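See structure below.
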Amino acid sequence: MSFTRAGKFTAKLNRRFGALFAGFLGFLVLMSILSAVGVPDAIIRSMFIGVIVAIYAVIGVMSRTMQVREYFVAGRNVPAAYNGMAAGADWLSSAAFIGMAGAAYLAGYDGLTFVVGLSGGFVLIAVLIAPYLRKSGAYTVSDFLAARYGGNRVRAASMVVLIACSFVLVVAQIQALGLVAGRFLGLDYAIAVAAGVGAIVVCTLPGGMRAVTWIQVAQYLVLLIAFLVPAIWVSMLLTGMPLPHLMQEEARGVAAGRTQDTLNLVLFTLCLMTGTASLPHLLTRYLATTSVREARSSVAWSLLFVAVVVTTAPAYAAFLAWPMPDLAETGLTRIAAPDTTGTPFVITALVATGALVATLAATSGLLFTIASAIGHDGYYAMLDRNAPSGRRLIVARVLLILVACAAAFAALRKPADILSMVTWAFSLAAAGLFPALVLGIWWKRANAWGALVGMIAGFGVCLYYLVATRYGAVEFFDVWGALSSATPDENARFAELKAAWAIAHSEAKDAARAALEDHARTIANWGGVSPLAAAAFGLPAGFAATIVVSLLTKAPAGETRDFVDALRIPRGEPPLDEKAS
Amino acid sequence: MTSTQRARHWRRTTYLMAVTMGLWLFFSLGVHLLAPALDAISLSGLSLGFSMAAQGSIVAFVVMVFWFARRQNAIDEAHDAAED
């Protein structure tokens, strides 16, 4: 894209999104006036929802496209800062806001691992991965891995990891969406889920990644206002100063101190960071930028936009100083927080809107990533390379609907608590993909067998640790007891409970089993590492396997070395670029 | 691009990567290890360990990534590897 055209495009974006931002602020003022004048809460609420839906629908329609490149990577013409905003909106929902104010300060110091963990990953993305991914010309992460390592086995393995992690994450997001919409709009959970997912599909179907991108930018602006305004309000209320970032002392009072030892804090942070750098829906965001250089700065912008919101957490923590019901259950502190007497309804509506918008942003990004993985990597790359672009788009769109339905159904069953699912997704992504991605770019000797075994090993070890310590804790401890961090007392208790279970009859047996399992879960571990940090074992396994197997098998062909060389230089044609279709 | 040019470019790129990763390690994991010690130092009434973990590290990351992007771009241009 020529310089002046890019400049004009950016100017147009500035005008339009500037108008949106100002418009939303104006809307807020209007709502405050209406509320003060006595307009019922129900009407104010509907107007908030109405505005959000309108923004979506308009952008969705404006982004419609019949071009493959626009559908999959937004035409590669998104300016760095705007791309950063889109990524920010997407990211802020991935446990960031759910966990932050809630887990972060309720659990004291440990919750801060969330904050560092979720932001530190961006450094990894910028330095180790994004620029190279962008240069490759790939449309998806699996595309990239298939090109780098050659062959469809690697592509298939990475697709499994990608889809597994993204699906777990999107189900968590939809659950959050259902809870927030349900609570705020007074809707039944199932209806809230259906409505939310339905709205996303309808708005992203015509435009694919192009629609997702611009809707996410709009969502970021709304999010920014939605989180900053209440935070500033609280800050003024409690400290007389409009700077929520300085409310440390108030927040500190709530923090209960450490409950996790340093080892687990460090490992968990590491898992979150490497997970961030491996989650496909975030990585593909940087494929939509105009150039490699822009991809790098886009990561910087993403982090900045995330930081602006995340650092307002102290204000929300201070909210917790007020008496509040059912906080811990849903972890949706940000929704529960303003539900105290004296809080203007507009503030509550704003926070709920922010939460809603964040989950919608993440859900749309994730659904799209899963659908495009199946459509592009599954159908186009593996089944029918000659498919005309029209058919590719139809397949992609049908898949989006199917995946959305599957995810909504899963969310309706509420498989597990949101926070756990989110951390599983991060760990599995890190263990499964990080070694293959990093070694693929930084080590020419890494080959297809290495990557394949590495992905299986990393993902497998991580999955085993996650599942076995939770659902098979007793058996796990039987096998790995020697490596556990259990004290002699805990060991003895295990033996006791086990014996008790052996001799119990009928109902007492079930109770005995439950007691045994509960106790086993507290001691089923390797070296005291919490299952939340499962990637602590998955990552080394993945790296080791990739390195060892690569060295034991044939070195990659000259073409691969050329491919890696091309990746490392920003200048030049992307090796995988499609002719614009 | 000749292979020596490539090698030089990649060497500088790798060096920058190592420096950035070192900084990253410090601000992400190092603070956890140092936090109890930092807690002892007070910065205008706020214990440093807590503040660092909450906000200092993020600010450091933001600055780090912007700085990295500029430095890497400079390296690319110096070695004729940058895009037009």
Side-chain angles (χ1 to χ4, degrees), chain A residues 3 80 104-105 108-109 112-113 115-128 131 135 245-246 248-249 251-252 255 258 262 265-267 269-270 272-273 290-304 306-308 310-311 313-314 317 442 565 568-572, chain B residues 1 3 5-7 9-10 13-14 16-21 23-25 27-36 39 43-77 79-84:
Chain A
F3 195 61
Y105 293 85
Y109 195 89
L112 294 168
T113 48
V115 165
V116 171
L118 291 168
S119 49
F122 284 94
V123 181
L124 293 176
I125 297 179
V127 177
L128 299 176
K135 175 66 198 299
H245 305 67
L246 296 181
Q248 302 271 20
E249 259 333 281
R252 181 57 150 156
R258 295 183 178 219
T262 308
L265 281 182
V266 166
L267 290 179
T269 310
L270 193 66
L272 283 181
M273 294 190 296
T290 57
S291 68
V292 173
R293 179 178 54 225
E294 291 279 291
R296 270 184 229 122
S297 33
S298 185
V299 181
W301 285 110
S302 310
L303 185 53
L304 177 66
V306 166
V308 165
V310 160
T311 49
W442 295 85
D565 277 334
R568 296 175 174 183
I569 311 287
R571 161 200 285 272
Chain B
M1 231 184 149
S3 57
Q5 279 175 311
R6 250 183 233 283
H9 170 258
W10 194 242
T13 301
T14 310
L16 179 63
M17 182 269 283
V19 168
T20 315
M21 290 289 97
L23 287 170
W24 168 78
L25 262 177
F27 282 104
S28 61
L29 306 181
V31 277
H32 276 307
L33 301 174
L34 293 174
D39 261 341
L43 205 65
S44 59
L46 308 170
S47 47
L48 196 56
F50 190 79
S51 315
M52 270 306 281
Q55 304 188 335
S57 286
I58 305 186
V59 172
F61 289 146
V62 173
V63 170
M64 207 185 297
V65 182
F66 273 108
W67 168 80
F68 164 77
R70 282 188 55 186
R71 283 296 313 150
Q72 182 62 51
N73 201 41
I75 294 177
D76 288 340
E77 283 178 1
H79 292 267
D80 201 31
E83 298 143 309
D84 312 309

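Naming: A, B, ... by sequence-line order, numbering from 1 per chain. The structure presented is a predicted model; accordingly, all values stated were derived computationally and were not measured.
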Next item on the list: I would like to know whether B:Gln72 and A:Val127 meet side-chain contact (heavy atoms from CB on, under 4.5 Å); could you show each step before the answer?
Entry: CA-CA 9 Å; B:Gln72 182 62 51; A:Val127 177; over 6 Å; no

Notebook entry, point to check: Given the rule in the side-chain contact (heavy atoms from CB on, under 4.5 Å) test, do B:Glu83 and A:Lys135 qualify, once you have shown the distances and angles that lead to the verdict?
Noted result: CA-CA 10 Å; B:Glu83 298 143 309; A:Lys135 175 66 198 299; 5.7 Å; no

Item checked: side-chain contact (heavy atoms from CB on, under 4.5 Å) between B:Phe27 and A:Val116, worked out -> CA-CA 9 Å; B:Phe27 282 104; A:Val116 171; over 6 Å; no

Checklist line | Verdict with reasoning, A:Phe122 to B:Trp24, per side-chain contact (heavy atoms from CB on, under 4.5 Å) | finding: CA-CA 10 Å; A:Phe122 284 94; B:Trp24 168 78; over 6 Å; no

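With a 4.5 angstrom heavy-atom cutoff, B:Phe61 touches chain A via backbone and side-chain atoms both. In this structure, the portion of B:Asp76 lying under 4.5 Å from any heavy atom of chain A is its side chain and not its backbone. For B:Thr14, the parts sitting under 4.5 Å from any heavy atom of chain A are the backbone and the side chain alike. Proximity to chain A (any heavy atom under 4.5 Å) is shown, for B:Gln5, by neither the backbone nor the side chain. Interface remark: A:Leu270 contributes backbone and side-chain atoms alike to the contact with chain B (heavy atom separation under 4.5 Å).
Heavy-atom minimum distance, B:Ile58 versus A:Ser119: CG1-OG, 3.7 Å. The two residues B:Ala81 and A:Pro570 come nearest to each other via the heavy atoms O-CD, 3.3 Å. Of all heavy-atom pairs spanning B:Val65 and A:Val123, the tightest one is CG2-CG2, 3.7 Å. Considering every non-hydrogen atom in both B:Leu29 and A:Met273, the closest pair reads CD2-CE, 4.0 Å.
Ring-plane geometry between A:Trp301 and B:Phe66 is classed as perpendicular, the angle between the planes exceeding 60 degrees on a 0 to 90 degree scale with a lower cut at 30.
A:Arg571 contributes a side-chain N or O that, together with a main-chain N or O of B:Asp80, makes up a donor-acceptor pair within less than 3.5 Å.
Your options are B:His79, B:Met64, B:Met21, B:Arg70, and the one with the most heavy-atom pairs under 4.5 Å with chain A is B:Met21. The most heavy-atom pairs under 4.5 Å with chain B, out of A:Ala300, A:Ala126, A:Ser297, A:Ala295, come from A:Ala300. When A:Val299, A:Val306, A:Val292 are compared by the number of non-hydrogen pairs under 4.5 Å with chain B, A:Val292 comes out ahead.
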